[in-house]
Novice: 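This is the structure I have questions about; it appears just below.
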Amino acid sequence: MAHYLYSKEELPEGFKYPLSFLEIVSKKDVLDLEPWWFLYEFENFAKQWLFEIKKQYPTRKLIPFAKASNTDDIVCFDGSDKSGNPKVYFVHTFASPGWEDRGSVYSFDEWLKQAKEESARYKAERI
């Protein structure tokens, strides 16, 4: 089953996904980062979250790519970045505009490192 990426028409003009993200998407097996899961696994969820983020925060150019299963938190690429290495924002969905920002990291690689650490703690606590 092919993984889903947003179409050029859905993305802000000039946006490029980070290469390390595209490498993960290209793999057959999905990286287990529970409680985080990648939106590319499910086309309908990916499209739904892109629509929802645009509706809730219309002044921001956010491209959602992963969701926490245990909260309303979602992580998004900075859609205004054209460098190919966009900042990653933590967004608490359904919060009023101006209150949604839960911080950021400088890159997908930095987020991935944090997500792996968080996943290990999350899984260890469930044993």
Novice: Given the rule that I, L, V, M, F, W and Y join up when any side-chain heavy atoms are under 4.5 Å apart, are Y122 and V105 in one cluster?
Specialist: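 Y122 does not cluster with V105.
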Novice: Can you name the residues that form a side-chain hydrogen bond (donor to acceptor under 3.5 Å, both in side chains) with Q48, not counting sequence neighbours?
Specialist: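 Partners of Q48 under the side-chain hydrogen bond (donor to acceptor under 3.5 Å, both in side chains) test: none.
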Novice: With sequence neighbours excluded, what pairs up with Q114 under the side-chain hydrogen bond (donor to acceptor under 3.5 Å, both in side chains) test?
Specialist: none
Novice: With a 6.0 Å cut-off (strictly less than), is the heavy-atom count around CD of E13, excluding the residue itself, greater than 12?
Specialist: no
Novice: For the pair Q56 (side chain) and I53 (backbone), establish whether a donor and an acceptor sit closer than 3.5 Å, ignoring hydrogens and angles.
Specialist: no
Novice: Under the rule for side-chain contact (heavy atoms from CB on, under 4.5 Å), what residues qualify as partners of K82, not counting sequence neighbours?
Specialist: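 None.
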Novice: Name all residues meeting the side-chain contact (heavy atoms from CB on, under 4.5 Å) criterion together with S20; count only those two or more places apart in sequence or in a different chain, and write none if there are none.
Specialist: P18, F108, D109
Novice: Nearest 0.5 angstrom please: S119 OG to D32 CG, how far?
Specialist: 5.5 Å
Novice: Nearest 0.5 angstrom please: L112 CG to E110 CD, how far?
Specialist: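 Separation between the atoms: 11.0 Å.
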Novice: What distance do D72 atom CG and F94 atom CZ have between them, rounded to the nearest 0.5 Å?
Specialist: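 The distance works out to 6.0 Å.
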Novice: Is it the case that more than 12 heavy atoms not belonging to L22 sit under 6.0 Å from its CG atom?
Specialist: yes
Novice: Stepwise, does the salt bridge (charged side-chain N to carboxylate O under 4.0 Å, His left out) test hold for K16 with D81?
Specialist: CA-CA 8 Å; K16 296 181 207 92; D81 185 298; over 6 Å; no
Novice: How far apart are the C-alpha atoms of Y4 and N44, what are their side-chain angles, what is the distance that settles it, and do they pass the side-chain contact (heavy atoms from CB on, under 4.5 Å) test?
Specialist: CA-CA 9 Å; Y4 177 77; N44 289 343; over 6 Å; no
Novice: Quick check: do N85 and Y106 have side-chain heavy atoms less than 4.5 Å from each other?
Specialist: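 Not in contact.
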Novice: Minimum heavy-atom separation for W36 to A115, with atom names?
Specialist: CD1-CB, 4.2 Å
Novice: For F77 together with Y89, are the ring centres under 6.0 Å from each other?
Specialist: no
Novice: Would you say Y40's side chain and A46's backbone share a donor-acceptor pair under 3.5 angstrom?
Specialist: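 A pair under 3.5 Å: no.
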Novice: With rounding to the nearest 0.5 Å, note down the distance linking OG in S83 to CZ in F15.
Specialist: 8.5 Å
Novice: Can you confirm if the aromatic rings of F42 and W37 lie within a centre distance of less than 6.0 Å?
Specialist: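 Yes, they do, as the ring centres are separated by less than 6.0 Å.
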Novice: Run the side-chain contact (heavy atoms from CB on, under 4.5 Å) test on L62 and I74 for me, step by step, so that the C-alpha distance in whole Å, both residues' side-chain angles and the decisive distance to 0.1 Å come before the verdict.
Specialist: CA-CA 10 Å; L62 298 169; I74 199 159; over 6 Å; no
Novice: If I take atom CD from residue E118 and atom NZ from residue K123, how far apart are they, to the nearest 0.5 angstrom?
Specialist: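 So the CD of E118 and the NZ of K123 are separated by 11.0 Å.
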Novice: Work out which heavy atom in S7 is nearest to a heavy atom in E10; give both atom names and the distance.
Specialist: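 Closest approach of S7 to E10: N-OE1, 2.8 Å.
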Novice: With a 4.5 Å limit on heavy-atom distance, are the side chains of L5 and V25 in contact?
Specialist: yes
Novice: Would E52 and K47 count as a salt bridge (charged side-chain N to carboxylate O under 4.0 Å, His left out) here? Give the steps.
Specialist: CA-CA 9 Å; E52 195 61 47; K47 288 183 173 192; over 6 Å; no
Novice: Quick test of your reading: applying salt bridge (charged side-chain N to carboxylate O under 4.0 Å, His left out), list the pairs with at least one residue in residues 94-104, sequence neighbours left out, ordered by first then second residue.
Specialist: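 Found R60-E100.
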Novice: Surrounding CZ of F45 (heavy atoms of other residues, nucleotides or ligands, distance under 6.0 Å), is the total greater than 12?
Specialist: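 It does not: F45 CZ has 12 such atoms or fewer within range.
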Novice: Do you know the tightest heavy-atom contact between P86 and G84?
Specialist: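 Heavy atoms only, the tightest pair is CD-C, 3.5 Å.
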Novice: With side chains defined as the heavy atoms from C-beta onward, is the minimum distance between V88 and D78 less than 4.5 Å?
Specialist: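 They are not in contact (no side-chain heavy atoms under 4.5 Å apart), so the answer is no.
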Novice: Check for me, please, whether Y17 and V30 land in the same ILVMFWY cluster - side-chain distances under 4.5 Å, paths through other members count.
Specialist: yes
Novice: I need the L50 CG to I63 CD1 distance, nearest 0.5 Å.
Specialist: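 Between L50 CG and I63 CD1, I get 8.0 Å after rounding to 0.5 Å.
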Novice: Check the pair R121, K116 against side-chain contact (heavy atoms from CB on, under 4.5 Å), reporting the backbone distance first and the verdict last.
Specialist: CA-CA 9 Å; R121 283 192 307 273; K116 286 177 179 178; over 6 Å; no
Novice: Ignoring hydrogens and angles, write down the donor-acceptor pairs under 3.5 Å from the side chains of residues 64-71, residues two or more places apart or on other chains.
Specialist:
residue : atom : partner : partner atom : Å
K67     : NZ   : T71     : O            : 2.5
S69     : OG   : P35     : O            : 3.0
T71     : OG1  : D73     : N            : 2.9

